[in-house]
Number of protein chains: 2
Amino acid sequence: MAKMQKEYNLSKNQQIVFDIIEKSSEPVKAYSILYNVKKKGIKAPPQVYRALEKLIKLGKIHKVESKNAFVACKSSNCEISKATAFSICEICEKVTEIANNKLSNFLNSFEDKSGMKYKKYNLEFFGLCKKCKKT
Amino acid sequence: MAKMQKEYNLSKNQQIVFDIIEKSSEPVKAYSILYNVKKKGIKAPPQVYRALEKLIKLGKIHKVESKNAFVACKSSNCEISKATAFSICEICEKVTEIANNKLSNFLNSFEDKSGMKYKKYNLEFFGLCKKCKKT
DNA sequence: AACACTATGTAATAATATAACATTTGAAAG
DNA sequence: CTTTCAAATGTTATATTATTACATAGTGTT
Ligand SMILES: [Zn+2]
Ligand SMILES: [Zn+2]
Ligand SMILES: [Zn+2]
Ligand SMILES: [Zn+2]
């Protein structure tokens, strides 16, 4: 029971790619992953992109669209990758996943006059992080 | 007074690129723009990307990040490109800019516990448009 | 004219992502 | 156990998106 069955269902390549992203303190780019996994036998872009695609579907990582980079999911609220929100510092580029019920409730129930009901959203906030605000 | 001074300050290339985007009923990709302006003397990617960059700064167009494509601003609320929201149909890929005060007020005043204050956001909703929902 | 600033033209290349096809693996069913 | 089927992998090539770097030209100001 120690590990609470975490990522037992990941395949070899998926696990390798996930480990890299999870260990990183910042968003990771696909080709940076590729470079870092060459030593583990992954040699070509499709291997990385397929793993990324699967991990996104599983909700284990998210793509930060404005940066073409990937982060591990920290909130465990978005297991199916349906509702994601990030804060992005415009100076140091730090990206943090936002877990805020008021925000997610508001957005999940948002419905506009077009009659379109949304099943998924991605929100990216930009500003200055605490550290960078001081300087 | 007929035209209410609209885009008088756009340079030649900026105007050419903007016209293409504004006339399109769907998001336009950079290389599609490039292809379409070859006849007007614009020959290389940087010319297009520079115009795009400027138009974005001016708030006349927005980039739809999840599609790497560009749309003309329809809301005139986001003159400085600070607060953008789009609805995107997952089937026909139609993109519509959302102008909704409740939404923009909520997001503009959103502040999370990290102490980070946001000056900009981009939100992309995904779902099925009215037309595609029927089928 | 001299200056600063913005925009343009052009060639080369970098960075991101997918197509296509052959092969392997692993779990489920018979 | 072996047949079967879906998922995952390996590999080559190519498509798509975006930027660097440098030279030139226009525009307005002093
Ligand atoms: Zn998440
Ligand atoms: Zn910062
Ligand atoms: Zn707009
Ligand atoms: Zn649709």
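Below, all heavy atoms of this structure are taken into account, side chains as well, without hydrogens, waters or symmetry copies. Note that the structure is a prediction, hence the values are computed from the model and not measured. Numbered from 1 within each chain, the chains take letters A, B, ... in sequence-line order.
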Interatomic distance, [X] [atom1] vs [N] [atom2] [rounded to whole Å]:
X	N	atom1	atom2	result
A:L34	D:dT9	CG	P	15 Å
A:F18	D:dA8	CZ	P	16 Å
A:L10	D:dA7	CG	C1'	14 Å
A:R50	D:dA6	CZ	P	18 Å
A:Y35	C:dA17	OH	C1'	21 Å
B:E53	D:dT17	CD	P	18 Å
A:N13	C:dT24	CG	P	16 Å
B:K54	C:dT8	NZ	C1'	13 Å

Report yes if a side-chain nitrogen or oxygen of [X] is closer than 4.0 Å to either non-bridging phosphate oxygen (OP1 or OP2) of [N]; otherwise report no.
X	N	answer
A:N68	C:dA17	yes
A:K29	C:dA15	no
B:N9	C:dT6	no
A:Q47	D:dT11	no
B:K43	C:dT10	yes
A:S11	D:dA7	no

No-hydrogen, no-angle side-chain donor-acceptor test under 3.5 Å, A:Y118 and A:D112:
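Yes.
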Report the nucleotide, chosen from [options], that has the shortest atom-to-atom distance to any side-chain atom of [X].
X	options	value
B:P46	D:dG10, C:dA11, C:dT8	C:dA11
A:Y49	C:dT8, C:dT16, C:dA11	C:dT16
A:K12	D:dT9, C:dT10, D:dT11	D:dT9
A:A44	D:dT12, C:dA17, C:dA11	D:dT12

Sidechain-backbone polar pair: B:Q15 side chain, B:K12 backbone, donor-acceptor under 3.5 Å:
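Side chain of B:Q15 to backbone of B:K12, a donor-acceptor pair under 3.5 Å: no, none is there.
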Treating A:E97 as the side-chain partner and A:K74 as the backbone partner, does any N or O pair qualify as donor plus acceptor under 3.5 Å?
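Such a contact is found between A:E97 side chain and A:K74 backbone.
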In the single-linkage hydrophobic clustering (I, L, V, M, F, W, Y; side-chain heavy atoms under 4.5 Å), do B:Y49 and B:V28 co-cluster?
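Looking at the clustering, B:V28 is in the same group as B:Y49.
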A:F70-A:I42 co-clustered via ILVMFWY side chain contacts under 4.5 Å:
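The answer is yes; both residues are in one hydrophobic cluster.
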Spacing of B:K133 atom NZ and B:C89 atom SG [to the nearest 0.5 Å]:
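So the gap between those two atoms works out to 10.0 Å.
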Report which part of the nucleic acid B:K63 touches: base, sugar-phosphate, or nothing (heavy-atom distance under 4.0 Å, all strands).
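Answer is sugar-phosphate: B:K63 comes under 4.0 Å of backbone atoms only.
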Kindly determine whether A:F110 and B:F125 satisfy ring pair (Phe, Tyr, Trp, His ring centres under 6.0 Å), including the steps that lead there.
CA-CA 10 Å; A:F110 180 78; B:F125 277 115; 5.3 Å; yes
If you take all heavy atoms of A:E124 and A:K63, which pair is closest and at what distance?
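Closest approach of A:E124 to A:K63, heavy atoms only: OE2-O, 4.4 Å.
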Answer yes or no for this row: A:Y31 ring on C:dT16 base, centroids under 5.5 Å, planes under 30°.
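Here the ring of A:Y31 and the base of C:dT16 are stacked, with centres under 5.5 Å and planes under 30°.
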On DNA chain C, compare the nucleotides closest to B:P45 and B:G41; which residue's is nearer the 5' end?
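Taking each residue's closest nucleotide, the earlier one in sequence belongs to B:G41.
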What does the 5'-to-3' dot-bracket notation of DNA chain D look like when only Watson-Crick and G-U wobble pairs under 3.5 Å count, and pairs to other strands show as |?
||||||||||||||||||||||||||||||
